[in-house]
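The chains referred to below are lettered A, B, ... by the order of the sequence lines, with proteins before strands, and numbering in each begins at 1. Predicted model, so just to flag it, every value in this text is computed and none were measured.
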Amino acid sequence: MSSTPLSARAVAARPAPYLDDLNPAQREAVEALDGPVLMLAGAGTGKTKALTSRIVHLLATGKARPNEILSVTFTNKAAREMKTRIGRMLGEAVEGMPWLGTFHSICVKLLRRHAELVELKSNFTILDTDDQLRLLKQLIAAENIDDKRWPARMLAGIIDNWKNRAWRPDQVPASEASAYDRRGVRLYAQYQARLRELNAVDFGDLLLHVIQILQEHEDILAQYRRWFRYILVDEYQDTNVAQYLWLRLLAGGHRNISCVGDDDQSIYGWRGAEVGNILRFETDFPGAKVVRLEQNYRSTAHILAAASGIIAANKQRLGKTLFTDGEDGEKVRLIGHWDGEEEARWIGEQIEDYQRGTRGLSPFSLDDMAILVRASHQMRAFEDRFLTIGLPYRVIGGPRFYERMEIRDAMAYFRLAVSPDDDLAFERIVNTPKRGLGDKAVQTIQRTARSNGVSLHEGARLCVEGRLISGKGHAALRELVQGIDRWHGQVVAEADTHVELAEMILDESGYTGMWQQDKTPEAPGRLENLKELVKALENFDNLQGFLEHIALIMENDSEDSEEKVTVMTLHAAKGLEFPVVFLPGWEDGLFPSQRSMDESGMKGLEEERRLAYVGITRAERICTISFAGNRRVYGQWQSQLPSRFIDELPESHVEVLTPPGLYGGGYGAAGMAASASPILAAASESHLQQRAVRADVYNSPGWKRMQSKSSSRRVAQPQEARNITIDLEASSSFTVGDRVFHQKFGYGEVMGLEGDKLVIEFDKAGTKNVVARFVVSATQADEIPF
DNA sequence: TAATGGAACCTTTTT
DNA sequence: GGTTCCATTA
């Protein structure tokens, strides 16, 4: 940890402009340095500002040195943001705040120091969900349990849940354990034992192990209590029981803990977050000072009023009254569409309008606009549309870079080079690329390894020496074993730079070759990703450091300078703000999500409502809510009802827009919305009638069946316009008949040209109109170098 | 052992 | 509509 210690004196010598920048409530929260403090900070009330000012104040007054402040956030993004802001306020880089980070990253640091106390070595690996599932699958199979009745995913969920509540296998209450036939607990115990054997931990363990260490070793606990003189917690409403226990342990001595949170923005209940933690703060820490931040600096009055109107329907809340001194601005805009594709098309046009400047508004940058969806599958419609019209966009929270198959494969090779005994990594790549080592060969290796009490890598070596593998597998395995030895030797000897080494590994293992020969549409993209992975390596000193970093930071933050519209989930949007926000897909069953309501009833619905609140409050100036009457679900067209949350929007703060296009349909939301002038009322009325019928049926067993029956009425898919002008003289560099490649749709053949657009018949994706600059000729695509 | 085709699942949300 | 997991075939 390189540390450029911040000199507290240097800070104190300057005046304290950061205090003058605060409103009275914020200032009160910042200046109450000692003892427990709870900041109830509504959306857009300057929560991060208060939090960072508080840190600066601690430093400036000399109450604490940078390394004596423990500051916890939930996401790496939030941690980074805070570091940047503190740095800006102090006018120097914040290298000296080693304990500002996520719960998980801080726990890794602690656990590395004390690993041996929980029977781990300090170089333990951190498993991700994928590893976790494969491990559980093996255990389930070994127990001869029907994996249909006990899918690994379910077991992983159960275990996760228990870990969130800080239950180790022997601590799972009988009531819980019996609900799962006692098998759950047994498998949980086996899983933990296996992790220990592998010298590995999962995400939940990071917290759990540290809690155990702190509980069982008073001296260590005392040391950290002395060490962390001040504790700050962001997004306190999202803490689960384990995190809560962790905090209580560390804050137990001096009680200098200050938590910031907003019960109205608690949207992680499904992940074990306990709103109860925030509601209980004053009981847990008697004498706590509670400060409310209620002045909103982000949104216009109309947007704020709409959000407040929605959240008011929730029963379980502490209650806050947000206000703003800002202008009224535009009302929240509401519009219904015929189907999801129409919705995407319309939003695309809106974005282009805002970009140009429309309705007397000055132009917005694409960076200023975001589309926030409930579920990630909604993103596809927008991606497709934006690719077609050539609108630059960025997707946040999609399938993440480091979770992609090729990246994980490559990482497995790196892991083996660093520690050849990493069995999970070995298993992953024994037969990738194909080496003729099938199930039988792998079993032989496993058996050999187990009976000799060695790792798979060593087991494989024995197999080669004893000629236990037949045919071509023998030579291939020998080569792999030797390869691993060689790469490991390089790591140890530090002979080459780690970037060169990485390239060499991917090359010699045949992994790059595998994708170069692969002719599927994904292959070029995967090669690109591998290239990016190697590039990312340059930012680290060695492979070990890289692997360490990646285990915790599973995000793909490729910093590109081009302006782009952001597409992401509502969950991912928490803490962010945008001048222009689109909230599509406000339909019952989608938002609020049916599953959430089925699983958690009223509690689930309230969480969904908070999600709606989070969504609206992301908007600074313009907020547009939309819904579609028809939507494709699992490839089947379904008719949809507008979300019940739309009824809850306060009418006086909403403007209903008339959808474009033809709407003769007698039913479907678009028809309703287009009908008369007090459209909202009309839409709401028929909506409410439906609701009245639904209210009593809702919890009945027949509900789901009825729901699926009534809604699976098929609706004809709107005919797409098909007047394609074929212009052979277009200035495009493509001609009809060219083979081309598209990043998303794969390979295809050019069927026609139309201005800067091409009509392409894709091998897999069908016929599409695509902007020419999004495709390359197929021969070029084959040549993407590594 | 690898490749193919079909059935069955599926979509919340994430450190 | 897509993926993943299987059983069957080459």
Side-chain angles (χ1 to χ4, degrees), chain A residues 72-79 101-108 126-129 132-133 137 147-148 151-154 156-157 160 163-164 201-207 235 238-240 242-243 266-273 340 372-381 384 396-400 402-403 405 430-442 469-473 476 520 522 551-555 568-574 585 589-600 604 607-608 610-611 614-615 631-638 717 764-766:
Chain A
V72 213
T73 62
F74 266 82
T75 62
N76 295 299
K77 203 167 60 189
T102 64
F103 275 103
H104 298 272
S105 65
I106 290 170
C107 280
V108 174
I126 303 163
L127 300 194
D128 59 29
T129 329
Q132 204 182 345
L133 282 179
K137 242 176 234 172
D147 61 349
K148 285 282 183 295
R153 290 185 63 91
M154 185 173 106
D160 234 45
K163 288 190 175 176
N164 284 337
V201 299
D202 64 17
F203 275 114
D205 284 341
L206 291 173
L207 261 303
E235 307 281 16
D238 289 337
T239 49
N240 61 34
Q243 288 156 339
S266 159
I267 54 175
Y268 284 106
W270 52 274
R271 204 172 73 186
L372 311 181
V373 297
R374 173 67 247 267
S376 46
H377 65 85
Q378 287 171 265
M379 299 199 255
R380 183 173 308 131
D384 281 353
I396 294 179
R400 279 174 296 186
Y402 292 110
E403 280 169 14
M405 183 215 309
V430 235
N431 203 28
T432 314
K434 298 268 183 289
R435 296 189 170 88
L437 297 163
D439 276 352
K440 240 175 64 191
V442 172
I469 308 287
S470 58
K472 59 181 178 215
T520 55
E522 304 87 57
L552 283 175
I553 302 175
M554 298 288 252
E555 28 187 88
M568 65 177 141
T569 63
L570 287 162
H571 284 87
K574 193 164 77 157
L590 180 59
F591 188 40
S593 130
Q594 191 59 52
R595 188 152 156 191
S596 172
M597 293 186 293
D598 286 347
E599 280 174 8
S600 314
E607 181 153 318
E608 294 287 305
R610 291 193 291 269
L611 210 40
V614 167
R631 196 173 286 279
R632 233 193 324 221
V633 182
Y634 304 140
Q636 294 248 304
W637 284 93
Q638 283 195 183
Q717 182 170 5
K764 300 228 165 125

Check nucleotides 2-10 of chain C against the protein and report each pair of N or O atoms closer than 3.5 Å, with its distance, or say if there are none.
{"from": "C/dC5", "atom 1": "OP1", "to": "A/K137", "atom 2": "NZ", "distance (Å)": "3.4"}

- Note on the structure: Whole-Å distance, A/N76 CG to B/dT15 P, equals 8 Å
- Between B/dT13, B/dT15, B/dT1, which nucleotide has the shortest distance from any of its atoms to the side chain of A/F203? B/dT15
- Task: Choose from B/dT14, B/dC10, B/dT1 the nucleotide whose nearest atom is closest to any side-chain atom of A/Y634.
- Result: B/dC10
- In whole angstrom, give the distance that lies between atom CD of A/E608 and atom C1' of B/dT13. 8 Å
- Note on the structure: dist A/S600:OG -> A/E608:CD (nearest 0.5 Å) comes out at 9.0 Å
- Passes side-chain contact (heavy atoms from CB on, under 4.5 Å), A/L207 versus A/H104? Steps please. CA-CA 7 Å; A/L207 261 303; A/H104 298 272; 3.9 Å; yes
- Item | Spacing between A/I396 atom CD1 and B/dT14 atom P, to the nearest angstrom | 11 Å
- Message: Measure CD/A/Q636 against C1'/B/dC9 and give the value in whole Å, please.
- Response: 14 Å
- Assert: residue with more 5' nearest nucleotide on DNA chain B, out of A/K440 and A/F74, is A/K440
- Query: With stacking defined as ring centroids separated by under 5.5 Å and planes differing by under 30°, is A/Y268 stacked against B/dT14?
  - Reply: no
- Whole angstrom value for the distance that separates C1' of B/dT15 from CG of A/N164: 10 Å
- Message: So if I take every side-chain heavy atom of A/R632 and compare against C/dG1, B/dT15, B/dT1, which nucleotide ends up nearest?
- Response: C/dG1
- Nearest nucleotide by nearest heavy atom, which residue falls closer to the 5' end of DNA chain B, A/Q243 or A/Q378? A/Q378
Polar pairs (N or O, both sides) under 3.5 Å between protein and nucleotides 2-6 of chain B?
{"from": "B/dA2", "atom 1": "OP1", "to": "A/G436", "atom 2": "N", "distance (Å)": "3.4"}
{"from": "B/dA2", "atom 1": "OP2", "to": "A/N431", "atom 2": "ND2", "distance (Å)": "3.3"}

- Hey, is the side chain of A/S596 poking within less than 4.0 Å of OP1 or OP2 on B/dT13, counting only N and O atoms? no
- Note on the structure: To the nearest 0.5 Å, atom CG of A/L372 lies from atom CD of A/Q378 at 10.5 Å
- Distance in angstrom units between A/E599 CD and B/dC10 P, rounded: 11 Å
- Message: Tell me every residue that passes ring-ring contact (aromatic ring centres under 6.0 Å, His included) with A/F103, counting only those two or more places apart in sequence or in another chain.
- Response: A/F74, A/W246
- Query: Does a nitrogen or oxygen in the side chain of A/T75 sit under 4.0 Å from OP1 or OP2 of B/dT14?
  - Reply: no
- Query: Once you round to the nearest 0.5 Å, how far does CG of A/D160 lie from CZ of A/R153?
  - Reply: 11.0 Å
- Figure out the CZ/P separation between A/R153 and B/dT14, and round it to whole Å. 13 Å
- Message: Determine whether A/I267 and A/V614 satisfy the following criterion, side-chain contact (heavy atoms from CB on, under 4.5 Å), listing intermediate values before the conclusion.
- Response: CA-CA 9 Å; A/I267 54 175; A/V614 167; 4.2 Å; yes
- Task: Could you check how far CE of A/M597 sits from C1' of B/dT13, rounded to whole Å?
- Result: 15 Å
- Query: Okay, side chain of A/R435, backbone of A/V430: is any donor-acceptor separation there less than 3.5 Å?
  - Reply: yes
- Message: Taking salt bridge (charged side-chain N to carboxylate O under 4.0 Å, His left out) as the criterion, tell me which of A/R271, A/R610, A/K574 meets it with A/D238.
- Response: A/K574
- Query: Ignoring hydrogens and geometry, is there a side-chain-to-backbone donor-acceptor pair from A/N431 to A/L437 under 3.5 Å?
  - Reply: yes
- For A/F591, report the nucleic acid contact type (base, sugar-phosphate, nothing); a contact means any heavy atom under 4.0 Å. nothing
- Does the pair A/L611 and A/F591 meet the rule for a side-chain contact (heavy atoms from CB on, under 4.5 Å), with working shown? CA-CA 9 Å; A/L611 210 40; A/F591 188 40; 4.0 Å; yes
